[in-house]
Amino acid sequence: MQRVQIQQAKRWVIKIGSSLLTDNGRGLDIAAIGAWAQQIAALRARNIEVVLVSSGSIAEGMTRLGWDTRPSSVHELQAAAAIGQMGLVQAYEQAFGSFDLHAAQILVDHDDLSNRERYLNARATLKTLLSLGVIPVVNENDTVVTDEIRFGDNDTLAALVANLVEADVLVLLTDQEGLFTADPRHNSDAVLIDNVAAEESSLDAMVSGAGSLGRGGMVTKLRAARLAARSGTQTVIAGGVNENIIGRLASGEVIGSLLLADQQPQAARKRWLAGQLQCRGELTLDDGAVKVLKQSGRSLLPVGIQSISGNFTRGDLVSCKDANGKEIARGLANYNHQEAQKILRQPSAQIERLLGYKNEDEMIHRDNLVLVR
């Protein structure tokens, strides 16, 4: 019955990984790209909207440059991304054009999605493209954004895009058949998981690391599924080499692993907050404040803050942790780090006396705070 949700989905985000696109590093697999384009064209013929998140620019650039090993130099990675992106765009333009579909290239980084104004603009642009029947092809802007090459991954980007456009389903196509109970490459007893709640805690011990070409492994795919679940998006992890994989998923066939969004969709602003990846500071909370945030959904007051770290300004994203260092929530600070140092552990009534002014009673208002699961 859970697969019916995929069968009825009207807006998809599909992510294809580097190892699939580049035939495990042997250059762009034009035949495979054509096959995926044909399957996506079949979805469009049913008035299903599709956003494609594509890896592969660095891997394709390495192939064009004759590099067998992924370099560690940031500038070499950027050069490979710039060269490879040309091949990637050409391949998609030709593949979708053969089915009378327009494709649009969208290059973003996490800063684009963490800035509220640019986030809303990106959402409006993507939804406009979808309304025109265009296939947006989204990739990280690896050519200029250094920390995305070092720490980013397109699984996470795909989840953020799913949140952005409020997709019904996120499909992560990979070189594995789905999510297993253990790494099937090293454990013959590993069992493919059919469907499970994305928030199931036992999944954390099952995921494995990344291969040499990509930056994401099952760790990032699980994290992506949990991010996507915040907008009520169901996630499927499936083997991209399976014949007609997208069409079979669309028909409701039980293939791959379905990670269910077992929660009510969060408000758009909460999803935006949850999707931000770079916190500018940390607040350590006392037990009372932790309890209030987790159980009551109230604002964070200065009196519940035990200590702070980081150089953050008003409006920056900060992480809220308990006494053991576990992240509980994150949100936008109403006071900068210097002001916060002066008012921590103090009741809100003392803020004006301590600072000479008062912006807000709260360190983080509940509308600007999201719990971390």
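Along the sequence shown, the residues carry numbers beginning at 1.
Alongside Leu301, the hydrophobic cluster contains Val303 (criterion: ILVMFWY side chains under 4.5 Å). The hydrophobic cluster containing Leu192 also includes Phe180, under a criterion of side-chain heavy atoms closer than 4.5 Å among ILVMFWY residues, counted directly or through chains of members.
For Ser257 (side chain) and Ile193 (main-chain N/O), a donor-acceptor pair under 3.5 Å exists by modelled atom type. Looking only at distances, no side-chain donor or acceptor of His365 sits under 3.5 Å from a matching main-chain atom of Ser299. At least one donor-acceptor pair under 3.5 Å links the side chain of Ser348 to the backbone N or O of Asp361. When atom types are taken as modelled, the side chain of Asn242 and the backbone of Gly239 share a donor-acceptor pair closer than 3.5 angstrom. A donor-acceptor pair is defined here as one N or O able to donate and one able to accept, closer than 3.5 Å; no such pair exists between the side chain of Arg118 and the backbone of Ala122. Using a distance-only test at 3.5 Å, with no hydrogens or angles considered, no donor-acceptor pair links the side chain of Ser231 to the main chain of Glu166. Side chain of Gln39 to backbone of Ile245: a donor-acceptor contact under 3.5 angstrom is found. With Asp322 contributing its side chain and Gly325 its backbone, the two residues share a donor-acceptor pair below 3.5 Å. Checked by atom type and distance alone, the side chain of Gln7 pairs as donor or acceptor with a backbone atom of Ser251 at under 3.5 Å.
Under the 4.5 Å side-chain heavy-atom criterion for grouping Ile, Leu, Val, Met, Phe, Trp and Tyr, Ile30 is connected to Trp36 within one hydrophobic cluster. Residues Met86 and Ile106 do not share a hydrophobic cluster, clusters being chains of Ile/Leu/Val/Met/Phe/Trp/Tyr side chains in contact below 4.5 Å. Ile328 and Val292 fall into different hydrophobic clusters, where Ile, Leu, Val, Met, Phe, Trp and Tyr are joined by side-chain heavy atoms under 4.5 Å apart, directly or via other members. At a threshold of 4.5 Å between side-chain heavy atoms, the hydrophobic network of Ile, Leu, Val, Met, Phe, Trp and Tyr places Leu259 and Val191 in two separate groups. Clustering ILVMFWY residues whenever any of their side-chain heavy atoms sit less than 4.5 angstrom apart, transitively, puts Met363 in the very cluster that holds Leu355.
Counting heavy atoms from C-beta outward, Glu140 and Leu107 have side chains that stay 4.5 Å or more apart. Two residues are said to be in side-chain contact when any heavy atoms from C-beta on lie closer than 4.5 Å; Thr233 and Val13 fail this criterion. At least one side-chain heavy atom of Arg330 sits less than 4.5 Å from a side-chain heavy atom of Val372. Between Leu258 and Thr235, the closest side-chain pair of non-hydrogen atoms is not below 4.5 Å. At least one side-chain heavy atom of Ser19 sits less than 4.5 Å from a side-chain heavy atom of Asp175. Side-chain contact between Arg3 and Glu253 is absent, with no heavy atoms from C-beta onward closer than 4.5 Å.
Here the closest non-hydrogen pair linking Asn359 and Tyr335 is N-OH, 3.0 Å. Between Thr22 and Ala59 the shortest heavy-atom distance is CG2-CB, 3.6 Å. A pairwise comparison of heavy atoms in Ala198 and Ala225 identifies CB-O, 4.1 Å as the closest pair. Nearest approach of Leu28 to Gly87, heavy atoms of both residues: CD1-O, 3.4 Å. Of all heavy-atom pairs spanning Gly240 and Leu20, the tightest one is CA-CD1, 3.7 Å. Between Lys127 and Leu164, the shortest heavy-atom contact is CE-O, 4.3 Å.
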*Take Arg280 and Asn311, measure what side chain to side chain contact (heavy atoms under 4.5 Å, CB included) needs, and give me the verdict at the end.*
CA-CA 7 Å; Arg280 304 298 182 185; Asn311 187 2; over 6 Å; no
*When you look at Glu339 and Tyr357, which way does the side chain to side chain contact (heavy atoms under 4.5 Å, CB included) test go after all the steps?*
CA-CA 10 Å; Glu339 294 166 330; Tyr357 54 87; 2.4 Å; yes
*Go through the steps for Leu369 and Leu293 under the test side chain to side chain contact (heavy atoms under 4.5 Å, CB included), then give the verdict.*
CA-CA 9 Å; Leu369 186 144; Leu293 294 189; 4.2 Å; yes
*Does the side chain to side chain contact (heavy atoms under 4.5 Å, CB included) test come out yes or no for Thr174 and Lys221, once each step is laid out?*
CA-CA 10 Å; Thr174 179; Lys221 288 172 178 57; 3.7 Å; yes
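With salt bridges taken as basic N to acidic carboxylate O contacts below 4.0 Å, none links Glu352 and Lys358. The pair Asp155-Lys15 counts as a salt bridge, with a side-chain nitrogen and a carboxylate oxygen less than 4.0 angstrom apart. Under a 4.0 Å N-O distance rule, the pair Arg226/Glu200 does not qualify as a salt bridge. Ion pairing of Arg11 with Asp168 is absent here, as no side-chain N (NZ or NE/NH1/NH2) approaches a carboxylate O to less than 4.0 Å. A salt bridge does not link Lys321 to Glu327: none of the charged nitrogens lies less than 4.0 Å from a carboxylate oxygen.
If you take CD1 on Ile83 and OG1 on Thr63, they are separated by 11.0 Å, rounding to the nearest 0.5 Å. Interatomic distance, OG1 of Thr125 versus CG of Leu130, reported as 11.0 Å (0.5 Å rounding). Remark: Leu170 CG to Leu227 CG distance equals 10.0 Å, nearest 0.5 Å. Here the straight-line distance linking atom CD of Gln234 with atom CG of Leu260 works out to 5.5 Å at 0.5 Å rounding. For the atom pair CD1 (Ile246) and CD1 (Ile16), the distance works out to 6.0 Å, reported to the nearest 0.5 Å. Separation of atoms NZ (Lys342) and CG (Asn336) is listed at 8.5 Å; rounding is to 0.5 Å.
For the side chain to side chain contact (heavy atoms under 4.5 Å, CB included) criterion with Trp12, the lone passing option out of Leu52, Val165, Ile6 is Ile6.
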Distance-only donor-acceptor pairs under 3.5 Å for side chains of residues 88-103, two or more places apart:
from  : atom 1 : to    : atom 2 : distance (Å)
Tyr92 : OH     : Ser54 : OG     : 2.9
Ser98 : OG     : Ala95 : O      : 2.6

